[in-house]
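Comments concern the structure below.
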2 protein chains.
Amino acid sequence: MRVCGSSPSPGPADGRDSLESVLDQIILDDCLRALARLPEASVDLIFADPPYNLQLDGELLRPNNTRVDGVHQDWDRFDDLAAYDRFTRDWLRACRRVLKPDGAIWVIGSYHNIFRVGAALQDEGFWLLNDVIWRKTNPMPNFRGRRFTNAHETLIWAAHGPRSRYTFNYDSLKAFNDDLQMRSDWLLPICSGPERLKDDTGRKAHPTQKPEGLLYRVLLGTSRPGDVVLDPFAGTGTTGAAARRLGRHFIGIERDSDYVKAARERIAAVEPLSQQDLDTLKPKRAAKRIPFGALVESGLVQPGTALYDPRATVKAQVRADGTLACAGAQGSIHKIGAHVQGRSACNGWTFWHFRDGGELRPIDVLRERLRTQLENGAEHAP
Amino acid sequence: MRVCGSSPSPGPADGRDSLESVLDQIILDDCLRALARLPEASVDLIFADPPYNLQLDGELLRPNNTRVDGVHQDWDRFDDLAAYDRFTRDWLRACRRVLKPDGAIWVIGSYHNIFRVGAALQDEGFWLLNDVIWRKTNPMPNFRGRRFTNAHETLIWAAHGPRSRYTFNYDSLKAFNDDLQMRSDWLLPICSGPERLKDDTGRKAHPTQKPEGLLYRVLLGTSRPGDVVLDPFAGTGTTGAAARRLGRHFIGIERDSDYVKAARERIAAVEPLSQQDLDTLKPKRAAKRIPFGALVESGLVQPGTALYDPRATVKAQVRADGTLACAGAQGSIHKIGAHVQGRSACNGWTFWHFRDGGELRPIDVLRERLRTQLENGAEHAP
DNA sequence: CCTACAACTGAATCGTTCC
DNA sequence: GGGAACGATTCAGTTGTAG
């Protein structure tokens with residue numbers, strides 16, 4: 001095992017690498033060997049772009065008789081489906097060992113391999129969260145006209161297990177997408193132009209380099225700054241580059257020394273974003289909980305204040321203990337909100353409104369005001 | 001086994017149905033039993049919409065506390081993945097027997113089951129030709145904000161074997177698609193409105209009825225007039241209806257008598273199409289909506305960039321997730337635009353400007369630039 | 001008649017914290 | 001660990017009703 005910039009070393013006596021020793025490095029080694037040396041439950045997110053097992057024999061010619069430069073590398077050759085399945089299950093199992101219980105994995109593939117991978121993920125105990133379609137704006141056409149233009153690839157997003165509390169930056173993604181929920185189909189160009197790494201002879205350095213935009217969206221949406229992101233098939237380092245740019249740690253594993261060299265140079269050249277620029281939208285769920293009673297306690301809401309439903313057809317009164325009284329019933333803002341609507345549940349913060357001049361405003365704005373007060377106060381506290 | 005309009009009959013002595021006796025019929029029977037009675041190598045195309053094994057548990061409420069009417073039918077219950085795999089391999093094997101050597105199969109599914117199905121197809125000897133993505137224009141949202149909107153389903157198109165001379169109507173699909181090669185991602189609305197079959201009580205007759213437009217495209221592209229199309233999970237007969245409309249023969253198998261009744265009535269009412277009508281079935285071209293986040297992702301706007309209102313009195317900063325930060329507030333370009341103007345809504349694309357030399361220009365010009373890049377990005381000219 | 005608005009709906013693996 | 005309370009969360013439609 002070799003790490004970026006260091007000379008070959010035998011590693012510690014227990015055959016394990018410390019996480020620190022490989023952090024933000026590309027490891028030059030076989031994927032299974034390197035994974036076995038990592039400590040278990042140590043990484044937050046995995047992004048894997050395994051060989052697709054394309055099964056291309058012969059060559060493909062364009063209509064003008066030029067040859068299509070397909071994937072013919074040895075690493076994409078497997079004897080049969082069973083061999084590919086064994087390979088898949090082995091690296092998935094090794095990945096799951098090093099993944100934290102609340103971590104998640106992404107795998108990208110095409111119809112040649114993604115069904116094997118998806119089934120193996122389920123068999124190994126991962127819990128599928130979504131399949132996501134990368135729609136290519138500029139796919140290679142089908143030159144022979146015998147099939148549909150293969151215009152997409154499939155990504156699978158899966159948690160360590162059914163009860164994992166995986167990271168999903170819902171609010172950030174929604175803002176990113178002009179205030180609409182992010183869908184499972186993503187439109188992105190393929191990696192070309194200056195972004196595409198070239199070797200010394202000017203040919204593409206790697207046959208299947210992924211666009212950094214794809215990794216940008218994956219990391220922004222399903223990891224947090226400071227997380228450790230592992231890529232067991234690092235190739236020319238797209239995951240590492242995106243991770244470095246977005247303030248995530250990365251560990252890459254790649255067995256081809258030419259790819260490793262290209263990846264290390266590329267990642268070293270990446271300028272990380274500033275902390276401020278990384279200050280993405282905070283999820284509401286992470287905000288500190290403020291009970292309604294605290295608003296009464298702080299004087300922001302006076303006991304006796306009248307609250308109304310959005311259309312001001314129901315009126316309730318605030319009690320000194322932070323409960324609401326309405327038509328004989330009394331309880332929390334949520335309970336009474338559910339009660340007056342005849343429903344089993346209700347978010348009282350958005351249901352109940354107070355009069356502010358002529359307008360009705362949800363009491364949630366008062367909670368927001370108190371939250372700001374508390375945060376500013378906390379900054380000045382010792 | 002019973003066929004449409006005929007009384008129950010024991011069938012011929014060899015336990016086989018003649019093809020003629022079941023042509024253009026919906027067979028009321030279990031899928032495996034009915035398949036076993038069909039002559040081998042007798043159908044040209046199979047379209048299968050098997051149970052997805054959704055594994056739904058408990059109930060799901062919309063934000064307004066109404067209940068989502070999920071798929072809780074018995075036919076979608078399996079003990080575990082192994083049971084689902086056995087079921088899948090059994091019906092696929094039975095289908096392959098009745099399929100002509102140059103025939104093909106389509107199977108539709110979601111991430112819950114499609115990886116099992118795809119792997120089983122390969123294991124049973126089918127040869128995958130494409131996976132096709134049905135992108136829904138109007139999917140059900142993710143109500144809890146825990147995952148990406150599940151906005152697509154996957155279809156797999158596979159030939160009987162690697163050397164099958166399958167049908168692919170390249171030219172008619174290309175004409176159908178405004179003279180562009182038909183891609184592997186199809187945009188279609190879900191089945192709703194008058195097309196959606198209702199039962200006597202006005203509720204949906206089947207929980208998962210597919211849009212006929214999807215079947216039009218499948219049959220138009222991968223079968224010929226006069227072909228025999230088999231649907232082993234016929235449900236309320238969408239495949240049969242599309243086949244009859246397009247001048248193909250069909251055989252449907254369905255074990256639920258209510259579904260069979262609805263399907264037979266529906267298909268009987270179908271008026272086969274004229275060529276002129278076929279021409280009106282053009283797919284809608286996808287309008288390319290570009291969210292602000294895509295500008296950041298693509299590098300056209302760098303995180304940290306300053307944006308201004310038209311008179312440069314307000315300044316805001318772009319974050320890595322495509323949100324704007326301004327005077328302590330953070331959100332989408334639209335939200336923050338509305339916020340700084342004290343309005344409830346704002347078109348951020350025209351409100352926010354960036355410095356271009358000495359001039360302020362609306363960010364909408366950057367969106368236009370990206371749109372052009374995406375459309376002209378084709379690396380390979382055909 | 002039309003327009004406006006309210007209500008309803010779709011293959012869905014859709015919590016977390018505190019006591 | 002079990003149960004209750006808290007409280008976060010939706011898009012593109014179609015259908016039905018009111019005016």
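In what follows, every heavy atom counts, from backbone to side chain, and hydrogens, waters and symmetry copies are set aside. Because the structure is a prediction, the values reported are computed rather than measured. Chain letters run A, B, ... following the sequence lines, proteins first and then strands; every chain starts at 1.
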Report yes if a side-chain nitrogen or oxygen of [X] is closer than 4.0 Å to either non-bridging phosphate oxygen (OP1 or OP2) of [N]; otherwise report no.
| X | N | answer |
| --- | --- | --- |
| A:Arg289 | D:dG7 | yes |
| A:Arg367 | D:dA8 | yes |
| B:Arg196 | C:dA11 | yes |
| B:Lys136 | C:dG10 | no |
| A:Lys335 | D:dA5 | yes |
| A:Arg165 | C:dT17 | yes |
| B:Arg144 | D:dA8 | no |

Please determine, for the side chain of [X], which listed nucleotide ([options]) has the closest atom?
| X | options | value |
| --- | --- | --- |
| B:Gln55 | C:dA11, C:dT13, C:dC14 | C:dT13 |
| B:Val68 | C:dA12, C:dG10, D:dC11 | C:dA12 |
| B:Asp49 | D:dA12, C:dT13, C:dA11 | C:dA11 |
| A:Trp349 | D:dG7, C:dT16, C:dG10 | D:dG7 |

Close aromatic pair by centroid cut-off 6.0 Å: B:Phe233 and B:Trp91 |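 Aromatic pair counts; centres sit under 6.0 Å.
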Would you check if the distance from the ring center of B:Trp157 to the ring center of B:Trp106 is below 6.0 Å?
-> yes
Syn or anti for C:dT13, with syn set at within 90° of 0?
->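 Syn conformation here, the glycosidic angle of C:dT13 being no more than 90° from 0.
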d([atom1], [X]; [atom2], [N]) in whole Å:
| X | N | atom1 | atom2 | result |
| --- | --- | --- | --- | --- |
| A:Tyr170 | D:dA8 | OH | C1' | 10 Å |
| B:Arg135 | D:dA12 | CZ | C1' | 14 Å |
| A:Asn347 | D:dC6 | CG | P | 11 Å |
| A:Lys284 | D:dT10 | NZ | P | 8 Å |

Ring-face cation contact, A:Phe126 with A:Arg96, 6.0 Å cut, 45° max =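 That pair qualifies as a cation-pi contact.
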Does the side chain to side chain contact (heavy atoms under 4.5 Å, CB included) test come out yes or no for A:Ile363 and A:Ile333, once each step is laid out?
-> CA-CA 10 Å; A:Ile363 57 175; A:Ile333 53 173; 4.0 Å; yes
Report yes if the ring of A:Trp127 lies under 5.5 Å from the six-membered base ring of C:dT13 with planes under 30°, and no otherwise.
-> yes
